[in-house]
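Heads up: the structure comes next, in structure tokens.
Residue indices begin at 1 and follow the sequence shown. Bear in mind that the values here come from a model prediction, so they are computed numbers and not experimental data.
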Amino acid sequence: MLSPLNQRRWRNFRANRRAFWSLILLGFLYGISLFAEVVANDRPLLVSFNGSLHAPFVKFYPETAFGGDFKTEAKYKDIEVQCLILSGGSEACWDDPRGIADAIKGGTWDGAGTEYQKGWILWSPIPYSFNTINDIGKAAPSAPDADHWLGTDDTARDVLARVIYGFRLSVSFALIVTLLSSIIGITAGAVQGYFGGLTDLIFQRFLEIWGSTPSLYVIIIVASVFTMNFWLMVALMVMFGWTALVGVVRAEFLRARNFEYVRAARALGVPDRVIMFRHVLPNAMVATLTMLPFVITGSIATLTSLDFLGFGLPSSSPSLGEMTQQAKQNLQAPWLGFTAFFTFALMLSLLVFIFEGVRDAFDPRKTFK
């Protein structure tokens with residue numbers, strides 16, 4: 001059960017229709033992207049082979065498991081493998097795989113004199129993963145069609161699949177960076193503002209030095225030395241992003257540390273950490289939450305910029321920045337640019353609207369009807 005205070009905050013948030021419906025829409029889209037392997041995958045969700053069920057999208061199966069010759073992972077897009085699955089491993093699939101597969105699907109194949117149990121394959125709604133290179137039979141990038149609803153990029157990868165995976169990566173990156181940066185920045189600002197004096201002076205000098213560090217150059221240098229990955233990028237962004245919240249939290253704590261209720265708590269012997277985070281921090285939440293939309297959008301913008309410049313995540317990653325780079329290099333394929341633009345516009349707008357609603361919900365001066 002929520003406390004009366006949190007119930008009032010939730011009512012205020014719901015009363016902000018733009019923020020509330022943005023939360024629902026973002027939650028729906030992000031929820032879909034969290035199950036991207038189910039929605040978009042070049043491996044089947046389920047395979048029935050000789051009465052046994054297999055889940056290739058979560059488990060490795062060699063081709064030999066379906067009557068093939070190789071111990072490497074089965075290539076489910078190959079017509080030979082599909083024929084083996086549908087026919088129960090019939091050796092006739094090596095002679096005319098496509099004809100046999102079509103006959104099985106049409107119910108006209110008699111098994112060529114062999115006993116077999118007809119299998120089946122359940123594909124994802126989008127039968128391509130973010131790194132699937134498709135045989136489109138024409139030059140890439142290709143325009144949207146019935147098989148690829150948003151077209152393909154310059155390496156014949158499905159754009160819609162990359163958007164789904166890229167949306168998950170970008171939102172997850174932004175939320176993780178914002179959470180970790182907020183924990184460090186709020187703690188540092190609270191310590192500075194509450195204790196003041198020499199502690200505040202030393203922290204301020206450190207922040208001046210740290211804030212003057214060219215973070216973009218440092219990230220580029222690290223990317224040229226190490227193989228960049230998701231968690232290394234998160235660490236670098238948190239390393240330089242936590243300072244954004246220090247100033248506003250410090251100012252609120254400097255203002256509130258001499259309030260009467262704080263002095264009374266000190267006189268009663270309440271520990272400093274309890275005063276800081278239970279009594280003073282709630283009063284600083286409005287100013288803190290005001291900065292969060294900038295932290296979130298800044299995280300996504302930095303990730304996209306680095307990917308666009310080639311210093312971010314590997315090119316094999318489902319990066320929206322890499323799609324933007326492709327749009328610049330393939331002006332004859334406008335669907336790449338439009339897809340990247342509308343994806344960023346929708347994602348950033350929803351995040352900003354939601355955190356604006358959260359900020360207003362925590363503001364005791366605002367009450368929505």
Side-chain angles (χ1 to χ4, degrees), residues 32-166 168 316-318 335:
I32 291 177
S33 69
L34 287 177
F35 298 95
E37 286 77 11
V38 176
V39 177
N41 207 325
D42 56 359
R43 300 173 183 173
L45 300 180
L46 285 175
V47 166
S48 175
F49 179 76
N50 285 338
S52 300
L53 288 178
H54 305 75
F57 82 106
V58 294
K59 187 176 180 181
F60 171 91
Y61 292 103
E63 187 179 293
T64 54
F66 304 109
D69 297 329
F70 302 105
K71 294 183 179 181
T72 56
E73 185 174 17
K75 296 182 179 180
Y76 301 97
K77 290 287 186 178
D78 288 354
I79 189 62
E80 291 84 0
V81 174
Q82 294 182 19
C83 178
L84 288 171
I85 294 173
L86 295 175
S87 66
S90 172
E91 295 183 357
C93 286
W94 301 115
D95 298 327
D96 184 19
R98 186 171 300 278
I100 294 175
D102 292 340
I104 293 173
K105 293 176 183 179
T108 59
W109 189 55
D110 60 1
T114 64
E115 294 183 0
Y116 78 98
Q117 181 173 355
K118 180 180 177 182
W120 48 263
I121 303 174
L122 177 63
W123 293 96
S124 302
I126 303 172
Y128 315 105
S129 187
F130 67 91
N131 56 357
T132 303
I133 299 177
N134 302 287
D135 183 12
I136 56 178
K138 52 186 174 182
S142 62
D145 54 29
D147 294 326
H148 305 280
W149 298 346
L150 294 180
T152 63
D153 61 9
D154 58 5
T155 54
R157 296 173 298 188
D158 186 73
V159 172
L160 180 56
R162 291 186 65 79
V163 167
I164 295 173
Y165 282 87
R168 179 178 66 179
S316 58
S317 301
W335 55 89

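- Note that the CG atom of Asn131 and the CZ atom of Arg162 stand 8.0 Å from one another [nearest 0.5 Å].
- Contact annotation: the side chain of Ile126 approaches that of Ile164 to within less than 4.5 Å [non-hydrogen atoms, C-beta and beyond].
- Residues Glu63 and Thr72 form no side-chain contact, since every pair of their non-hydrogen atoms from C-beta on lies 4.5 Å or further apart.
- Side chain of Asp78 to backbone of Val81: no donor-acceptor contact under 3.5 angstrom is found.
- Within the 4.5 Å cutoff, the side chain of Phe49 has heavy atoms near those of the His54 side chain.
- Residues passing the side chain to side chain donor-acceptor pair (under 3.5 Å) test with Arg157, sequence neighbours excluded: Asp153, Thr155, Glu322.
- With sequence neighbours excluded, the residues that form a side chain to side chain contact (heavy atoms under 4.5 Å, CB included) with Ala65 are Pro62.
- A salt bridge (Lys or Arg N to Asp or Glu O under 4.0 Å) check over residues 39-58, counting only residues at least two apart or in different chains, returns the pairs Arg43-Glu73.
- Residues that satisfy the ring pair (Phe, Tyr, Trp, His ring centres under 6.0 Å) test with Phe57, not counting sequence neighbours, are absent from this structure.
- Nearest heavy atom pair, residue Val47 against residue Pro44, reads CG2-CB, 3.8 Å.
- The CG atom of Asn41 sits 5.0 Å away from the OG atom of Ser129 when rounded to the nearest 0.5 Å.
- Side-chain contact check for Glu37 versus Ser124: every heavy-atom pair is 4.5 Å or farther apart.
- In this structure, OH in Tyr76 is found 9.5 Å from CD1 in Ile121, a value given to the nearest 0.5 Å.
- Rounded to the nearest 0.5 Å, atoms CZ (Phe66) and CD (Glu80) are 15.0 Å apart.
- Taking the side chain as every heavy atom from C-beta outward, Thr132 and Phe130 never approach each other to under 4.5 Å.
- Side-chain N or O atoms of Tyr165 include one that pairs as donor or acceptor with a backbone N or O of Ala40 at under 3.5 Å.
- Contacts of Thr64 classified as side chain to side chain donor-acceptor pair (under 3.5 Å), with partners at least two apart in sequence or in another chain: none.
- Under the 4.5 Å side-chain criterion, counting only non-hydrogen atoms from C-beta, Trp123 is in contact with Lys77.
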Could you list the donor-acceptor pairs under 3.5 angstrom formed between side-chain atoms of residues 140-147 and any protein atom two or more places apart in sequence or on another chain?
from	atom 1	to	atom 2	distance (Å)
Ser142	OG	Thr152	OG1	2.6
Asp145	OD1	Asp147	N	3.0
Asp145	OD1	His148	N	2.7

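- Side chains of Leu46 and Trp120 form a contact here, defined as non-hydrogen atoms less than 4.5 Å apart.
- Of all non-hydrogen atoms in Leu53 and Ser48, the two that sit nearest each other are CD2-CB, 4.0 Å.
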